[in-house]
K.L.:
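Please see the structure below; I have some questions.
These numbers come from the heavy atoms of this one structure, side chains and all, not from hydrogens, waters or symmetry mates. Small disclaimer: the values here were computed from a predicted structure and weren't measured. In what follows, chains are A, B, ... by sequence order, proteins preceding strands, each numbered from 1.
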Protein chains: 4
Amino acid sequence: MTLQDKLTTTKRTHILNAAARTFAEKGYHATTVRDVARAAGVADGTIYNHFQNKYALLLGLFTQMTEAAEPALNPAALTGLHLRELLREMLDQPLQSLRGENYELVRVVLSEALINRDLASAFRTGLLTPMLAGTVEVLRRRGDLRADPEDTVRLLSSLVLGLLLQAALGDEELQETWAVLPDRLADLLVGGLA
Amino acid sequence: MTLQDKLTTTKRTHILNAAARTFAEKGYHATTVRDVARAAGVADGTIYNHFQNKYALLLGLFTQMTEAAEPALNPAALTGLHLRELLREMLDQPLQSLRGENYELVRVVLSEALINRDLASAFRTGLLTPMLAGTVEVLRRRGDLRADPEDTVRLLSSLVLGLLLQAALGDEELQETWAVLPDRLADLLVGGLA
Amino acid sequence: MTLQDKLTTTKRTHILNAAARTFAEKGYHATTVRDVARAAGVADGTIYNHFQNKYALLLGLFTQMTEAAEPALNPAALTGLHLRELLREMLDQPLQSLRGENYELVRVVLSEALINRDLASAFRTGLLTPMLAGTVEVLRRRGDLRADPEDTVRLLSSLVLGLLLQAALGDEELQETWAVLPDRLADLLVGGLA
Amino acid sequence: MTLQDKLTTTKRTHILNAAARTFAEKGYHATTVRDVARAAGVADGTIYNHFQNKYALLLGLFTQMTEAAEPALNPAALTGLHLRELLREMLDQPLQSLRGENYELVRVVLSEALINRDLASAFRTGLLTPMLAGTVEVLRRRGDLRADPEDTVRLLSSLVLGLLLQAALGDEELQETWAVLPDRLADLLVGGLA
DNA sequence: GATGAATGAGGTTTCATTCAT
DNA sequence: CATGAATGAAACCTCATTCAT
């Protein structure tokens with residue numbers, strides 16, 4: 001990678017970060033390309049030297065998101081844990097990985113994915129499916145899981161997404177108990193409700 | 001209610017249905033007021049005789065949604081059931097109540113709620129909170145629930161929302177197992193994973 | 001005139017008064033036909049049973065104005081006065097005749113007349129010209145006027161219009177001295193400035 | 001001022017001139033932004049790169065008017081004249097300064113000022129008040145003025161405005177005698193009517 | 001590659017006018 | 001004659017995108 005390339009990449013990232021901030025604040029549709037340009041400190045036209053169009057900014061952010069989430073998709077480190085701890089981690093990790101800036105981004109991308117078939121598809125194949133697949137593998141290798149691994153994964157993933165959605169919708173009570181929630185839910189899941 | 005009122009209400013509903021269809025198909029932002037007018041078979045200006053502006057159409061749909069969901073919020077009929085059956089119903093009912101037209105609407109409203117603070121707030125206070133409150137009551141009165149009712153409700157609601165979100169994102173595998181999923185998840189929850 | 005005619009005339013006048021109020025408050029262009037209808041307490045469509053279109057309302061008001069001003073156009077009563085008194089009356093009368101509601105109307109009609117050739121023409125032939133003509137006659141018959149009657153009329157009419165315009169533009173200082181102004185200006189005019 | 005600034009200023013002025021022409025021809029309200037754009041030979045959107053909205057065009061014209069009238073507001077050159085000549089100039093100058101393009105503009109701006117409080121206020125403080133103030137000063141320093149300077153100014157300004165208004169309303173007779181009118185009126189004023 | 005003025009299609013909304021009731 | 005919902009043309013304005021500098 002030449003210096004030139006590096007500069008280019010830097011500016012691309014710089015613009016993408018600006019887009020992340022503005023999209024997060026006002027949403028994709030309410031944000032103008034000019035908003036992004038101003039936030040990045042560049043001219044309107046410069047955006048188009050790095051991205052084909054406004055939508056490409058959103059796709060770029062989505063890609064950034066999936067790449068950031070990838071480490072969490074390969075839960076090799078979870079092998080030695082007790083089942084309760086494992087569940088706790090499986091609930092906690094996704095939630096933790098989305099704190100801060102990324103958290104706002106999920107809102108924006110998710111919002112658009114709910115409407116845009118392509119983005120929804122990319123969301124599933126790029127994020128959900130690999131996450132589930134990796135998790136199924138981990139569960140399958142364990143001996144202490146009485147339940148069907150696939151059902152368990154479905155349960156866990158739905159739980160995580162549901163929690164995420166509620167947080168994204170501004171549920172403050174949820175965010176306050178965010179710290180202890182994985183523990184308590186893991187307890188419930190392990191022992192059963194009856 | 002006079003005849004005139006009835007006609008007015010009818011047309012309002014008619015327009016709202018047209019809005020539901022177009023919004024569901026193209027999303028709120030990509031839909032023009034003219035699209036809605038054409039779908040309703042009226043002139044552009046007629047929309048504004050019944051709704052203050054385009055956003056009021058979205059709000060109208062949201063209200064329609066909450067009113068349609070209200071029956072599901074008062075689970076009085078669930079008193080005599082076994083715990084497993086109760087859980088099954090609690091998972092199944094919300095999912096069932098959103099089949100068909102309403103199902104598409106959730107996508108649209110949810111998409112906008114993720115970005116619009118007001119709508120998010122309305123979504124929580126109009127749908128989520130009453131649903132949770134009703135459910136907590138039902139659980140509290142039972143003697144066979146070992147777990148904390150509030151935690152249980154949090155668990156169930158997150159599960160439902162997560163499933164809903166996945167379905168909204170087009171997860172076909174989920175939709176295929178939709179029929180048996182409540183049963184299987186209820187089993188898992190009652191007995192625990194270990 | 002039958003009773004029916006009287007009722008019709010009454011309603012026409014009623015609507016015209018409503019139009020006067022609303023036009024005076026918001027101006028002709030910023031006033032909607034619905035505004036007028038609401039002010040008159042009738043339905044939108046009723047306006048069109050009495051006036052061909054919105055512009056006809058303005059014309060109606062203009063006609064009303066000229067008819068109201070007509071008495072002032074025939075200054076038969078001014079024959080016996082001293083010159084100074086005559087001038088004072090000639091300045092004072094037009095200003096007085098426009099107090100209250102009519103005063104606001106002048107603003108509206110004048111505003112439109114400045115742009116609309118037809119209205120401007122009607123304004124001149126219906127108001128200005130007859131006023132000038134009548135005044136010239138009165139002046140001509142006097143022996144104590146040293147100056148040319150036509151020039152004098154031009155002077156007086158311009159003065160009146162200028163004062164009117166300044167008042168219409170909201171000159172508060174002018175309105176405060178409104179009571180004594182004709183006297184003082186008449187003094188100046190009779191004696192000369194040198 | 002850089003070249004870029006100059007170009008920008010030029011285009012702003014260019015658009016403003018186009019607005020002047022179209023407003024003068026059809027009036028402010030009957031003129032569409034598209035009309036102005038066409039007259040300026042630019043695209044609709046370009047207007048908004050130089051003016052915030054349609055009303056800003058009117059304000060721009062008003063400012064242009066006041067700036068054009070400013071030289072006439074400082075009558076320093078009138079010190080050495082005889083009273084009769086002074087009056088003649090005071091009547092003539094404002095009328096002369098509004099010939100040609102500006103003359104049409106007065107019609108448009110005045111028309112709107114009669115309805116719009118803000119514009120009326122700006123009209124008074126930006127044009128009338130400074131004109132009057134400057135004139136009072138000049139009169140005060142003279143010894144040959146028998147009359148009260150403030151009354152005299154009020155008389156003169158009203159006269160000028162009245163003449164202007166009549167001209168704006170299309171009084172052709174007035175426009176024909178426009179050349180000799182200041183002379184004759186000055187005579188009347190100096191000598192008095194009796 | 002960077003700039004930002006220019007573009008013009010297209011969006012939302014208003015409102016004078018009509019007409020069936 | 002009165003009503004007021006329906007109409008749809010047309011207005012103002014935005015903004016993604018282009019391109020000459």
K.L.:
Can you tell me the pairing partner of F:dA20 across any strand shown, Watson-Crick or G-U wobble, with both distances under 3.5 angstrom?
P.N.:
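By the stated definition (distances under 3.5 Å), E:dT3 pairs with F:dA20.
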K.L.:
Verify whether one side chain among C:T46 and C:N49 offers a donor that lies under 3.5 Å from an acceptor in the other.
P.N.:
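Side chains of C:T46 and C:N49: no pair found under 3.5 Å.
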K.L.:
Given that B:D44 and C:D44 both sit by DNA chain F, which one's nearest nucleotide is further toward the 5' end?
P.N.:
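Comparing both residues, the 5'-ward one is C:D44.
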K.L.:
Do the side-chain N and O atoms of D:D118 and D:S121 include a donor-acceptor pair separated by under 3.5 angstrom?
P.N.:
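Their side chains do not contain a donor-acceptor pair, so the 3.5 Å distance test is not met.
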K.L.:
For E:dT12, take OP1 and OP2 only and decide whether either is under 4.0 Å from a side-chain N or O of B:N53.
P.N.:
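Looking at the OP1 and OP2 atoms of E:dT12, neither is under 4.0 Å from any side-chain N or O of B:N53.
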K.L.:
Are D:T46 and E:dA5 close enough that a side-chain N or O sits under 4.0 Å from OP1 or OP2?
P.N.:
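No, because none of the side-chain N or O atoms of D:T46 sits under 4.0 Å from OP1 or OP2 of E:dA5.
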K.L.:
Under 6.0 Å from the ring centre and within 45 degrees of the ring axis: does the NZ or CZ of A:K54 meet both conditions for the six-membered ring of A:Y28?
P.N.:
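Judged by the rule, A:K54 and A:Y28 form a cation-pi pair.
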K.L.:
Pairing check on F:dC15: which nucleotide meets the Watson-Crick or G-U wobble criteria with it, both distances under 3.5 Å?
P.N.:
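E:dG8 is the nucleotide pairing with F:dC15.
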K.L.:
Less than 4.0 angstrom between a side-chain N/O of D:H50 and OP1 or OP2 of E:dA6, yes or no?
P.N.:
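Checking D:H50 against E:dA6: at least one side-chain N or O falls below 4.0 Å of OP1 or OP2.
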K.L.:
Pick the nucleotide of DNA chain F nearest each of D:G45 and D:A30; which residue has the one closer to the 5' end?
P.N.:
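Final value for this comparison: D:A30.
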K.L.:
Within the structure shown, what part of the strands sits under 4.0 Å from D:T32 by heavy-atom distance: base, sugar-phosphate, or nothing?
P.N.:
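Contact class for D:T32: sugar-phosphate only.
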K.L.:
Considering only side-chain heavy atoms of D:K54, which listed nucleotide, E:dA16, F:dC13, E:dT12, is closest?
P.N.:
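That would be F:dC13.
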